[in-house]
Amino acid sequence: MESPQAKEVAPFSNSAASDGTNRKDKKRKWDSVDANLATSKLGMDSIPSLVRQPELPEFNLTSERPPSQDAGSPTSTNGDSKDEWQTVINARPSKKVKKIPKKHSNNYPQIKFSPDSRLNTQLKISDLQNLVLYILADGTSPQFVSIRHRNEIRKVVVLMVPGLEMDMFKLERKEAEYKRPNVSSPEYYYPSKLKEDELPLSLKHFAEIFEHIWPVKTPGDDKYGKMHSPLHAMLTAPMPKSKEEKKWNGGKNGKGRGVSQAKEPEGWKNTRTRVTEFIHDTEELLENDYTLHPAAYITKEQKAALIEHRSTTGSSTDEGWVDTSVTDFEEGTIPEKDIEDGSITAGKTILAMDCEMCMTGEKEFSLTRISIVGWDGSVVLDELVVPDKPIVNYLTQYSGITEKMLQGVTTRLPDIQKKLQNILTPQTILVGHSLNSDLNALKLTHPFIIDTALIYPHPRGPPLKSSLKWLAQKYLNREIQKGHGTIGPGAGHDSIEDAKTCLDLLKQKCEKGKEWGTGDAMGENIFKRVSRVGVKYKNQGGSAVPSPLSGKSSAVIDWGDPKKGPGGAATFVVGCKSDEEVMEGVIRAVKGDVDGKEIPGGGVDFVWARMREIEALKGWWNNNRSITVAAKSSGELIPPFAAPGTKPLAATPEDALFDTPSIVRGDAIAAAETVAAAQDGFPLSNSLLPPFTTSSPSNLITATAALTDRIAKIHESLPPCTALIIYSGSGDPREMSRMQAMQSQFKKEYKFKKWDQLSVRWTDTEEQALKRAVTDARQGIAFMCVK
């Protein structure tokens with residue numbers, strides 16, 4: 001028997017690989033070697049040769065080529081095993097993309113509504129947005145539908161089609177039978193099943209594609225008569241909270257621990273902005289109860305009307321009010337050549353002011369302290385003031401003023417007014433928080449105002465305003481107003497501290513840009529989100545982990561130039577001039593270009609598009625809405641871009657949308673354009689607007705049929721396992737626009753006219769009518785399915 005000392009042990013030899021020795025054979029071979037070594041009796045003078053150990057690699061190695069199934073080990077055919085080894089990062093090969101499941105198989109994805117779904121209120125556009133993010137990125141699981149095999153959904157296409165209404169999908173009914181829907185009833189906010197035989201001929205394709213029609217609520221505020229942009233409700237996603245934020249906000253027992261710090265959204269870029277960009281115009285000052293300075297108006301007639309109004313409201317010079325020495329608004333303008341490059345202050349003098357008041361009667365507050373701070377933080381003025389009337393409540397817990405502090409003080413309001421008239425020049429910008437209250441206490445007007453309560457709007461919108469304490473915590477990470485009624489330093493509010501806080505908030509705004517501190521800064525563009533944390537699942541060749549490496553591509557198809565709006569963040573942007581072009585753009589984005597030069601073959605993962613011809617035909621959009629708002633006042637409908645000399649189209653009962661007083665015609669147009677601009681999002685030139693025609697039933701039916709055909713063509717072109725979501729955005733906004741225009745006109749005139757001189761009356765009747773109009777305008781619809 002051959003001795004084990006002479007036998008060369010080579011477990012990784014070529015012969016071992018070629019004979020196909022299995023693991024059991026190898027184990028037996030090594031066991032026999034160990035046994036022979038143990039039983040061998042070696043002499044003291046005989047030194048056994050050491051068994052040569054195999055040369056094992058230091059790292060986890062794998063063969064450059066996959067081994068054959070019958071090979072015992074991965075070795076080289078030329079006898080040199082080192083040539084065929086290499087170090088790799090991931091030894092496990094990437095998983096191949098699985099084939100698309102067959103239609104009607106158990107693995108095919110579905111978006112399914114179940115009566116057992118947790119649906120306790122009306123669906124919102126934000127719910128649709130979360131559905132998109134759940135499929136493509138890091139959204140939470142929706143509660144209103146069940147999604148089967150989410151990882152099999154390859155693409156998502158979202159179409160916004162303003163002009164679609166719930167009534168279009170119901171059988172004809174008599175006007176007397178119509179009742180206002182109870183939007184809080186489950187019978188209203190649950191989806192309705194679409195039945196082809198019950199739909200009009202022009203809408204039958206919807207029943208072939210979708211199973212249900214969903215009522216969807218547009219964001220807004222019924223209480224204050226506001227409707228927010230349905231476009232931004234879909235395209236601006238809330239920032240996901242970090243673990244630290246969730247822990248901080250949750251606190252113990254679910255109780256919050258304070259205000260979370262503001263953070264820059266993903267991809268945020270600072271935009272240095274001059275302080276002059278934040279000066280409020282006349283409309284903003286009127287909206288927020290400021291007494292206007294005469295320089296706010298240009299003509300003598302306007303100035304005279306303002307003086308008359310102020311005399312009727314107790315804010316005239318006869319009542320002790322003073323105006324700063326500014327003749328007109330342009331007087332404060334500094335020539336561009338005199339402004340240093342990169343200067344934020346633009347050559348202006350920036351002063352922050354805060355006042356403290358005490359009660360001198362029932363609901364009457366009088367000035368007791370004034371503090372003014374310069375741009376560099378230096379104190380320009382800080383004085384205590386004795387009111388003319390005796391103080392009945394010092395409000396120390398808020399004002400920090402005590403009876404002892406005012407002992408021996410002789411300064412009165414007229415003394416302060418004289419000093420302010422010397423301090424506040426035409427080149428001075430006055431900064432403060434809810435500064436109208438301070439100016440009322442001072443009985444002073446100044447035309448150049450920046451209010452931190454307005455440049456940092458309340459998250460829920462006007463007329464709500466954030467407190468200075470909250471703004472300091474959120475944006476400056478600073479605690480102010482911590483007195484809690486104590487006597488001494490820090491008691492109540494410190495007016496110098498508050499003025500410096502306003503100044504720092506303004507400085508931060510100038511450094512970061514106009515969008516900082518607004519709702520847009522608190523969210524993230526949806527196209528950036530799907531690109532940043534898009535998920536490719538294992539069956540799609542990914543890791544199923546949100547990552548920029550597996551981010552999703554996107555495309556925007558819309559009228560005009562989508563690059564100038566939220567669509568600028570999409571991977572591909574397609575501008576269109578008609579709904580037909582929008583349809584072609586969606587199909588192109590889903591399939592990709594034939595040559596792959598711009599949109600690669602296979603298309604993008606997420607498509608958002610908007611069709612607008614129905615909206616324009618109904619007069620909901622932009623100039624078309626403006627025309628319909630004012631149409632009845634003149635008794636005719638005029639195409640907004642008709643050539644000179646074109647004969648107006650006679651108004652018919654179908655065209656007469658509502659009665660509009662001629663006195664508010666211009667303001668109705670302005671208000672309508674303002675509302676439309678907020679909803680449109682993407683700027684359009686007049687040449688890109690669809691032609692305006694009378695909204696007769698025949699025209700509407702024809703346009704609806706064309707729209708339905710285009711949606712059917714889009715659905716037919718979609719690859720399998722593609723989610724399709726359609727939403728209208730809102731209901732009919734025209735009555736809301738008319739009522740808002742009346743309200744705006746009333747607020748303008750009420751500031752400087754007597755009640756019997758008002759051209760528009762605004763009573764509780766009109767207020768309730770506005771709320772009903774807003775409620776109706778916020779009622780949209782949606783459809784969803786998987787191709």
**Report entry** Rounded distance (nearest 0.5 Å) linking atom CZ of Arg610 with atom CG of Asp558
**Finding:** 4.0 Å
Query raised in the report: With no hydrogens and no angle check, is any side-chain donor or acceptor of Asp579 less than 3.5 Å from a backbone partner on Arg612?
Result: yes
**Report entry** Side chain proximity check, Pro238 to Gln129, heavy atoms < 4.5 angstrom
**Finding:** yes
Query raised in the report: Do Arg532 and Glu524 sit within salt-bridge range, that is, some charged N less than 4.0 Å from a carboxylate O?
Result: yes
Query raised in the report: Is the gap between the ring centers of Phe783 and Phe169 under 6.0 Å?
Result: yes
Requested in this report: Answer yes or no: is there a donor N or O on one side and an acceptor on the other, between the side chain of Asn525 and the main chain of Thr236, under 3.5 Å?
Outcome: no
Query raised in the report: Do you know which two heavy atoms are closest between Leu133 and Arg529, and how far apart they sit?
Result: CD2-CG, 3.7 Å
Query raised in the report: Say you draw a straight line from CE of Met168 to OG1 of Thr704; how long is it, rounded to the nearest 0.5 Å?
Result: 4.0 Å
Query - Expected output: side-chain Lys618 to main-chain Gly163 donor-acceptor under 3.5 Å - result: yes
Query raised in the report: Taking atom CG of Leu164 and atom CD1 of Ile781, what is their separation to the nearest 0.5 Å?
Result: 5.0 Å
Query - Pairing of Lys195 and Asp197 as salt bridge, 4.0 angstrom limit - result: no
Query raised in the report: Do Phe572 and Ile557 touch side chain to side chain, with heavy atoms closer than 4.5 Å?
Result: no
Query raised in the report: Does Val156 offer a backbone N or O that forms a donor-acceptor pair with the side chain of Asp605 under 3.5 Å?
Result: no
Query raised in the report: Hey, mind stepping through Ser728 and Val161 against side-chain contact (heavy atoms from CB on, under 4.5 Å) and telling me if it holds?
Result: CA-CA 5 Å; Ser728 65; Val161 189; 5.9 Å; no
Report summary line: Output for pair (Asp709 CG, Glu580 CD), nearest 0.5 Å, gives 10.0 Å
Query raised in the report: Are Arg148 and Tyr108 in a cation-pi setup, meaning NZ or CZ lies under 6.0 angstrom from the ring centre and within 45 degrees of the ring axis?
Result: no
Requested in this report: Kindly determine whether Thr218 and His228 satisfy side-chain contact (heavy atoms from CB on, under 4.5 Å), including the steps that lead there.
Outcome: CA-CA 7 Å; Thr218 310; His228 302 156; over 6 Å; no
Query - Closest heavy-atom pair and its distance - Lys787, Leu718 - result: NZ-O, 2.7 Å
Query raised in the report: How far apart are the closest heavy atoms of Ala712 and Ile209, and which atoms are they?
Result: CA-CD1, 4.0 Å
**Report entry** Side-chain ion pair, Glu152 and Arg150, N-O less than 4.0 Å
**Finding:** no
Query raised in the report: Judged by atom type as modelled, is there a donor-acceptor pair below 3.5 Å linking the side chain of Ser717 to the main-chain atoms of Ile714?
Result: yes
Report task. Please examine the side chains of Thr518 and Pro457, heavy atoms only from C-beta on, and report whether any two atoms are closer than 4.5 Å. Result -> yes
Requested in this report: Locate the shortest heavy-atom distance separating Ile147 from Pro142; write the atom from each residue and the value.
Outcome: CD1-CG, 3.9 Å
Query raised in the report: Is a salt bridge present between Lys193 and Glu198, judged by a nitrogen-to-oxygen distance below 4.0 Å?
Result: no
Query raised in the report: Quick check, are the ring centers of Phe144 and Trp214 under 6.0 angstrom apart?
Result: yes
Query raised in the report: Between Arg588 and Asp593, does at least one N-O distance fall below 4.0 Å, as a salt bridge requires?
Result: yes
Query raised in the report: Just wondering, do Trp559 and Val582 contact through their side chains at under 4.5 Å, heavy atoms?
Result: yes
Report task. Go through Leu235 and Phe527 one step at a time and tell me if the side-chain contact (heavy atoms from CB on, under 4.5 Å) criterion holds. Result -> CA-CA 8 Å; Leu235 300 186; Phe527 304 110; 3.9 Å; yes
Report task. Run the numbers on His715 and Leu724 for side-chain contact (heavy atoms from CB on, under 4.5 Å), then give the verdict. Result -> CA-CA 8 Å; His715 180 263; Leu724 175 62; 4.0 Å; yes
**Report entry** 4.5 Å side-chain heavy-atom contact, Val774 and Lys226
**Finding:** no
Report summary line: Tightest non-hydrogen contact, residues Pro109 and His149, listed as CB-O, 3.4 Å
Query raised in the report: Is any NZ, NE, NH1 or NH2 atom of the basic residue among Glu716 and Lys713 found under 4.0 Å from an Asp or Glu carboxylate oxygen of the other?
Result: no
Report summary line: Here the gap from Met784 atom CE to Phe113 atom CZ, rounded to the nearest 0.5 Å, amounts to 10.5 Å
**Report entry** Closest approach of Pro566 to Leu231 (non-hydrogen atoms, all atoms of both residues)
**Finding:** CG-CD2, 3.9 Å
Query raised in the report: Is Phe606 close to Thr571 at the side-chain level, that is, under 4.5 Å between some pair of heavy atoms?
Result: no
**Report entry** Any Val216 side-chain heavy atom under 4.5 Å of Gln122 side chain
**Finding:** no
Query raised in the report: Under 4.5 Å between any side-chain heavy atoms of Cys576 and Val574, yes or no?
Result: yes
Requested in this report: Output yes when Lys112 and Glu211 qualify as a salt bridge under the 4.0 Å nitrogen-oxygen rule, no when they do not.
Outcome: yes
Requested in this report: Output yes when a side-chain donor or acceptor of Asp127 lies under 3.5 Å from a complementary backbone atom of Lys124, and no otherwise.
Outcome: yes
Query raised in the report: Between atom CG of Leu617 and atom CG of Asn699, what is the distance when rounded to the nearest 0.5 Å?
Result: 6.0 Å
